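Below is one structure, written out as structure tokens, with a few remarks after it.
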Amino acid sequence: MTKRILILSVFVVASCGLAYELIAGALSSYLLGDSILQFSTIIGCYLFAMGVGAHFSKYIAEEDVLARFIDIELAVGLIGGISAALLFMTFSWMTAPFRTLLYVLVFMVGALVGMEVPLVMRALNARDTAFNDLVSRVLTFDYLGALAVSLLFPLVLAPYVGLVRTGFLFGMLNVGVGFWTLYVFRAELANVGGRVLRACSVMFLLVMGFALSDRMVQWGEHGLFGDNIVYSTSTPYQRLVITRWKDDMRLYINGNLQFSSRDEYRYHEALVHPALQALPWARKVLVLGGGDGLALREILRYPNIREVTLVDLDPAMTRAFTTRPELVRLNGGSFSDPRVKVVNADAAIWLQNSADMFDAAIIDFPDPSSFALGKLYSVPFYGMVKKHVAAKGLVVVQATSPFFAPHAYWTIDATLRDVGMRTWPYHAYVPSFGEWGFVMASPEQEYVPPTSYRLPMRYLTEATTREMFAFPPDMQRLEMAPNRLNTQSLVHEFEQDWRKVIR
């Protein structure tokens, strides 16, 4: 019976160890971007720390193996359990030490986790377990625990439980293993009462943290965003936060501003109308991204538009902007228009499987701050877009800032040209973002910027349109390589450009 207890403990501690690693990687990716860099460095640090912990486990005397195992479970439960909350609060209120704290916590948890399995194996060996049976059973349950969490984390834990609450949950599981071991082997341990008191204290802290995790997240997000949070949710794909200050409503995805209600009309008029004004014959429009319905609002102003297909990955995004009254007012109830068809799917997969053709495509994805987003700005992706747009149709891409991120901006332009489309870069001043860039493209159409608009505009005029398509000396074209899927140079260019700007 005692051997089974120790073997099952391996399953739990393996699950907890991988969970802390995934939490750290996901949280740093949300907050810092560049998911490949974050996960690679965190995994490397964590595995190195496990090796250090495994090495130092040999210095624990045989008679102290169980006692130290229990102490380690309490320590890793406490440190791992509070790690997500501590990191999130640190980033929200004191950005500077975030990276240092991140790797310190990852190393500490990794070192403690690295000591767990060797100690369990020594405890089993002391109970006359055959060596071949010992190794196979311990490693089997170790890998099974890792498999369980690797499946649960993206499907259940991150989107529905949340990173902070998940941290506390697995911390409680570690402490539970400590309690379990303490109870089963109480006859072999000294100072049982003291260890029970310590375990109860740690469990109490973790339970309180779990219960208050929503308040901690709200407090941290208030420090991060400054304004009152009116809506927030974690989805399998991203963290959505909507804030309000007086009459200004803002959407953030993974901490990055997507729009401000005070000036979003400038962005969306510039995104939509220079193209649709030039296509009075257009009937079908494709929108990729744009799950807030604001570009949709502008497209639906044209009576000649008969059908709009909007493809956005996250159903939570389109659902919020379809059902929440303050957001519906902002997008003019665009999702309720009978001309609109909403598809919640990966845009690249949808394009591969769809045979539909469109007169215009409006591509309004978040900036290419990660490789998951970078693929949506790549040569293969734009090649698929081209196949779905009429030869005389137009494609418009939001393309980050030609002033703050010039290398990224002109990489997007080069990528569109690489698939055989003609391009017309342009930019508009949006106070919340500064100078912002777009790229117009077409398979065959000759494009001339409009000198007037059939619809009334709040921002666009003949003069502002003329200025949009003229680039001053400090925003001149840069010769860049296209963004190919196997290298994703755009993500690196984007990160390097913005790193020079953001303090």
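What you are looking at is a predicted structure, and each value in this text was computed from that prediction instead of being measured.
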Note to self: Taking D356's backbone N and O only, do any of them form a donor-acceptor pair with S354's side chain (distance below 3.5 Å, no angle check)?
What the structure shows: yes
Next item on the list: Would you confirm whether the ring centroid of H268 sits within less than 6.0 angstrom of the ring centroid of Y459?
Entry: no
Note to self: If I compare all heavy atoms of A85 with all of V164, which pair ends up nearest, and what's the gap?
What the structure shows: CB-CG1, 3.8 Å
Checklist line | Rounded distance [0.5 Å steps], CD1 in I79 versus CZ in F107 | finding: 12.0 Å
Note to self: Can a donor-acceptor pair be found, under 3.5 Å and without considering hydrogens, that links the side chain of R324 to the backbone of A320?
What the structure shows: no
Checklist line | Parallel, tilted or perpendicular: rings of F358 and W350 (30°, 60°) | finding: tilted
Check: Quick one: are the ring centres of Y429 and W436 less than 6.0 Å apart?
Finding: no
Notebook entry, point to check: F469: what forms a ring pair (Phe, Tyr, Trp, His ring centres under 6.0 Å) with it, not counting sequence neighbours?
Noted result: Y426, Y447
Check: Sequence neighbours excluded, which residues qualify as side chain to side chain contact (heavy atoms under 4.5 Å, CB included) partners of I82?
Finding: L78, F168, L206
Check: Which atom pair, heavy atoms only, marks the closest approach of A270 to P274?
Finding: O-CD, 3.3 Å
Notebook entry, point to check: With sequence neighbours left out, which residue pairs that include part of residues 292-301 fulfil the side-chain hydrogen bond (donor to acceptor under 3.5 Å, both in side chains) condition?
Noted result: E264-R297, H273-E298, E298-R301
Item checked: Within the 6.0 Å centroid threshold, strictly below: F438 and Y267 -> yes
Notebook entry, point to check: Is any side-chain N of the basic residue among K375 and D346 closer than 4.0 Å to the acidic one's carboxylate O?
Noted result: yes
Check: Which residues satisfy the side chain to side chain donor-acceptor pair (under 3.5 Å) test with Y20, sequence neighbours excluded?
Finding: N174
Margin query: Nearest 0.5 Å, please: how far is CD in Q488 from CG in L490?
Written below: 7.5 Å
Margin query: Restricting to side chain to side chain donor-acceptor pair (under 3.5 Å), what partner residues turn up for T464, sequence neighbours left out?
Written below: T461
Margin query: Test your reading of the model: is there a side-chain donor-acceptor pair from Y46 to the backbone of V109, 3.5 Å cut-off?
Written below: no
Note to self: Just verifying a value: how many Å separate M421 CE and T415 OG1, rounded to the nearest 0.5 Å?
What the structure shows: 10.0 Å
Margin query: Taking side chain to side chain contact (heavy atoms under 4.5 Å, CB included) as the definition, give me every residue that meets it alongside L173, ordered by chain and number, with sequence neighbours left out.
Written below: V12, C16, F170
Next item on the list: Spell out, as yes or no, whether a donor-acceptor pair under 3.5 Å connects the side chain of D364 to the backbone of Q398.
Entry: no
Checklist line | Check ion pair D359-K392 (N to O, under 4.0 angstrom) | finding: no
Checklist line | Closest approach of V439 to A399 (non-hydrogen atoms, all atoms of both residues) | finding: CG2-CB, 4.0 Å
Margin query: Do the side chains of R499 and D497 get close enough for a salt bridge, i.e. N-O under 4.0 angstrom?
Written below: no
Checklist line | side chain to side chain contact (heavy atoms under 4.5 Å, CB included) against P315, all qualifying residues, sequence neighbours excluded | finding: Y237, R319, N344
Next item on the list: Mind checking the CD1-CZ spacing from I253 to F259? Nearest 0.5 Å is all I need.
Entry: 9.5 Å
Next item on the list: Sort and list the pairs that fulfil salt bridge (charged side-chain N to carboxylate O under 4.0 Å, His left out) and have at least one residue in residues 402-423, not counting sequence neighbours.
Entry: D413-R417, D413-R477, D418-R484, R422-E446
Check: Got a donor-acceptor contact below 3.5 angstrom from the H388 side chain to the L351 backbone?
Finding: yes
Check: If you look at every heavy atom in A347 and F365, which pair is closest and at what distance?
Finding: CB-CZ, 3.7 Å
Item checked: Donor-acceptor contact below 3.5 Å, side chain Y377 vs main chain V491 -> no
Check: When rounded to the nearest 0.5 angstrom, what distance separates CG in L310 from NZ in K341?
Finding: 11.5 Å
Next item on the list: Determine yes or no for a side-chain-to-main-chain donor-acceptor pair under 3.5 angstrom, with S334 supplying the side chain and G293 the backbone.
Entry: yes
Margin query: For a quick test of reading the model, state the closest non-hydrogen atom pair linking T400 to A408 and the distance between them.
Written below: CG2-CB, 4.0 Å
Check: Backbone N or O of L257 within a donor-acceptor pair of the R250 side chain at under 3.5 Å?
Finding: no
Item checked: Heavy-atom check, side chain of Y382 versus side chain of I363, under 4.5 Å -> yes
Indicate every side-chain donor-acceptor pair of residues 145-152 with a distance under 3.5 Å to a residue at least two apart or in another chain.
from, atom 1, to, atom 2, distance (Å)
S150, OG, A146, O, 3.3
S150, OG, L147, O, 2.8

Next item on the list: Output the distance between atom CD (Q496) and atom OG (S489), rounded to the nearest 0.5 Å.
Entry: 10.0 Å
Sequence neighbours left out, cut at 3.5 Å: what donor-acceptor pairs do the side chains of residues 278-291 make with other protein atoms?
from, atom 1, to, atom 2, distance (Å)
R283, NH1, W281, O, 2.9
K284, NZ, M357, O, 3.3

Notebook entry, point to check: So, E116 side chain and L112 main chain: donor-acceptor pair closer than 3.5 Å or not?
Noted result: no
Check: Listed by chain and number, what are the side chain to side chain donor-acceptor pair (under 3.5 Å) partners of R306, not counting sequence neighbours?
Finding: none
Note to self: Walk me through whether T411 and N483 qualify under side-chain hydrogen bond (donor to acceptor under 3.5 Å, both in side chains).
What the structure shows: CA-CA 6 Å; T411 296; N483 181 42; over 6 Å; no
Next item on the list: Using side chain to side chain contact (heavy atoms under 4.5 Å, CB included) as the criterion, list what pairs up with F403, not counting sequence neighbours.
Entry: S401, E435, D474, M475
Next item on the list: Provide the closest heavy-atom pair for F471 versus P425 in the form atom of the first, atom of the second, distance.
Entry: CE1-O, 3.3 Å
